Amino acid sequence: MKYRLLGKTQYQVSTVSFGAWAIGGTWGTISDDESLAALHRAVDLGVNFIDTADVYGDGRSERLIARLRQERKEPLIVATKAGRRLNPHTAEGYNRTNLTAFVERSLKNLAVDSLDLVQLHCPPIDVYYRPEVFGVLDDLKTQGKIRHYGVSVERVEEALKAIEFPGVASVQIIYNIFRQRPAGLFFREAQAKNVGILARLPLSSGLLTGKMSLDSKFEADDHRSFNRNGEAFDKGETFSGIDFETALKAVEQLRPLVPNGMTMAQFALKWILTRREVTCVIPGAKRPAQVDDNCAAADQLELPESTLEAIQALYATRIKPLVHDLW
Ligand SMILES: NC(=O)c1ccc[n+]([C@@H]2O[C@H](COP(=O)([O-])OP(=O)(O)OC[C@H]3O[C@@H](n4cnc5c(N)ncnc54)[C@H](OP(=O)(O)O)[C@@H]3O)[C@@H](O)[C@H]2O)c1
């Protein structure tokens, strides 16, 4: 495993970390025993950073991480999120009373006195025009309830707006072979402001592992079945917002580019980590074998320049026209 400094925090985090949405729910059948085994395997392999949210399985994911922490002595950094419990999900809801209540609930679920990192959970863009929201987060920091705060965003513009607030330590954004716009202006600005970048959907919801086909079936409670067109939440969170068939064709074009000795998942993760502005990737994993595969990406050799160029050419012709300007 390798480690990078997370923005303005003092945290040295594993370049391949752990995304804990799937072990909370909304991804088909899961078993807590298997999820816990996956978390343990991650720690065995040097993962020290876990991304979760209060709404993943309504706290199930946070509570599993609390169990992991009880069972392991290694220091772990846990980033959670707040805001998505709001219904309706409005900018007004991001107020002192609600944010404090969300933080208190996560403290309880995670069984800690202070949260390592709290991220606003893809709030409406108007939140970034309310400096008082960031004032509340500063106060929660002063009170010791949280150590650091950041944001998770859908769009590059939201990321750029968020990092105008000096207290924002990290930005979580979709960045993968199929979603490349963040690497432009945003990466430059984030680096200049010493803001950490957490790359989510690094496998484009599993597509970039190369295991899917037109015959792939997803259970009814898996967002890859019910959110293809953004029926439940932002369309971009499922397969990066790319039509499944189109994405499968692009995956087939990527396949011959994967170097010998590398799996396609490792190739996808390594591609992201080529960018030094990215602190870590946070692939979701439901099973120890997936963790093994993903973590091995950290120590793989750099991808050759010619491969990087071929990926860029594929993105420019097949993917960019479909998604580049949407997020
Ligand atoms: N709004 C937000 O803030 C937000 C939104 C989305 C995600 N996130 C965070 O980002 C993390 C990562 O994103 P994501 O989980 O949506 O997408 P992802 O990491 O691109 O895909 C994860 C899924 O791919 C499959 N997979 C993982 N590793 C594999 C491997 N080596 N081989 C084969 N299949 C593998 C697993 O599902 P199957 O086995 O079922 O295929 C897994 O659940 C989340 O867990 C969450 O922490 C945050």
Side-chain angles (χ1 to χ4, degrees), residues 7-8 21 51 53-56 79-103 106 117-141 146 148-176 178-201 223 227 229-242 277-279 282 320 322-327:
K8 295 169 194 165
W21 177 17
D51 176 73
D54 54 358
V55 288
Y56 296 165
T80 192
K81 309 190 194 81
R84 286 277 158 170
R85 296 182 65 73
L86 292 170
N87 186 14
H89 182 231
T90 59
E92 295 73 37
Y94 283 74
N95 57 40
R96 184 174 301 273
T97 306
N98 290 334
L99 284 172
T100 306
F102 297 152
V103 163
S106 287
L117 176 68
V118 173
Q119 304 156 94
L120 299 182
H121 200 164
C122 295
I125 193 159
D126 273 6
V127 160
Y128 301 111
Y129 294 86
R130 293 173 179 246
E132 63 272 22
V133 174
F134 297 87
V136 171
L137 294 169
D138 286 329
D139 291 346
L140 286 165
K141 232 177 123 172
I146 67 179
H148 297 281
Y149 64 83
V151 297
S152 182
V153 298
E154 304 287 6
R155 295 180 176 176
V156 168
E157 282 66 31
E158 292 158 0
L160 289 167
K161 187 71 192 147
I163 64 176
E164 286 181 10
F165 296 95
V168 170
S170 63
V171 170
Q172 181 180 138
I173 193 161
I174 299 179
Y175 179 62
N176 62 40
F178 289 164
R179 184 70 81 82
Q180 300 201 18
R181 189 161 166 247
L185 178 62
F186 170 61
F187 276 16
R188 285 198 296 280
E189 290 292 308
Q191 194 171 44
K193 291 182 171 158
N194 195 21
V195 172
I197 297 173
L198 311 178
R200 78 168 181 269
L201 269 78
H223 70 101
N227 195 51
N229 299 301
E231 294 88 338
F233 42 82
D234 194 289
K235 175 181 159 172
E237 302 296 350
T238 304
F239 297 134
S240 310
I242 301 166
E277 300 93 331
V278 174
T279 311
I282 49 169
K320 189 175 178 187
L322 305 175
V323 293
H324 200 77
D325 297 321
L326 300 184
W327 288 279

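What you see is a predicted model, and the numbers here were worked out from it, not measured in a lab. The chain is numbered in sequence order, starting from 1.
Ser106 is not listed as a side-chain neighbour of Val118, based on a closest heavy-atom distance of 4.5 Å or more. Side-chain contact between Arg179 and Leu201: absent, with no pair of heavy atoms (C-beta onward) separated by less than 4.5 Å. You'll find the side chain of Val171 reaches within 4.5 Å of the side chain of Phe186, heavy atoms only. By the 4.5 Å heavy-atom criterion applied to side chains, Ser170 and Leu117 are counted as neighbours. Residues Gln119 and Thr80 are not in side-chain contact: their nearest non-hydrogen atoms beyond the backbone lie 4.5 Å or more apart. The shortest distance between side-chain heavy atoms of Asn95 and Val136 does not fall below 4.5 Å. Residues Lys141 and His148 meet the side-chain proximity criterion, which asks for heavy atoms closer than 4.5 Å. Taking the side chain as every heavy atom from C-beta outward, Val151 and Glu158 never approach each other to under 4.5 Å.
Annotation: salt bridge (Lys or Arg N to Asp or Glu O under 4.0 Å) contacts involving residues 118-140, sequence neighbours excluded, comprise Glu92-Arg130, Arg96-Asp139.
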Are Leu160 and Leu185 close enough, and set up right, to give a side chain to side chain contact (heavy atoms under 4.5 Å, CB included), and what steps lead you there? CA-CA 8 Å; Leu160 289 167; Leu185 178 62; 3.7 Å; yes

When you look at Glu164 and Lys161, which way does the salt bridge (Lys or Arg N to Asp or Glu O under 4.0 Å) test go after all the steps? CA-CA 6 Å; Glu164 286 181 10; Lys161 187 71 192 147; 2.9 Å; yes

Side chain to side chain contact (heavy atoms under 4.5 Å, CB included) for Phe165 and Leu137? Distances and angles first, verdict last. CA-CA 11 Å; Phe165 296 95; Leu137 294 169; over 6 Å; no

Kindly determine whether Phe187 and Tyr175 satisfy ring pair (Phe, Tyr, Trp, His ring centres under 6.0 Å), including the steps that lead there. CA-CA 11 Å; Phe187 276 16; Tyr175 179 62; 4.8 Å; yes

Test salt bridge (Lys or Arg N to Asp or Glu O under 4.0 Å) on Asp325 and Lys320 and set out the steps. CA-CA 8 Å; Asp325 297 321; Lys320 189 175 178 187; over 6 Å; no

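Figure legend: Arg181 and Trp327 shown without cation-pi pairing, the cationic atom not lying both under 6.0 angstrom from the six-membered ring centre and within 45 degrees of its axis.
Between Gln172 and Asp51, the side chains place a donor N or O and an acceptor N or O closer than 3.5 Å (distance only, hydrogens not considered). A donor-acceptor pair shorter than 3.5 Å can be found between the side chains of Tyr94 and His89.
Under a 4.0 Å N-O distance rule, the pair Lys235/Glu154 does not qualify as a salt bridge.
Ring-plane geometry between Tyr56 and His121 is classed as perpendicular, the angle between the planes exceeding 60 degrees on a 0 to 90 degree scale with a lower cut at 30. By the 30° and 60° cut-offs, the orientation of the rings of His223 relative to Phe233 is tilted.
Phe178 and Asn176 make their closest contact through N-OD1, 2.7 Å (heavy atoms, listed as atom of the first residue, atom of the second, distance). Heavy-atom minimum distance, Asn98 versus Gly93: ND2-O, 2.8 Å.
Partner of Leu120 under the side chain to side chain contact (heavy atoms under 4.5 Å, CB included) criterion, out of Val168, Leu99, Val153: Leu99 alone.
More than 12 heavy atoms of other residues, nucleotides or ligands sit less than 6.0 Å from atom CZ of Arg200.
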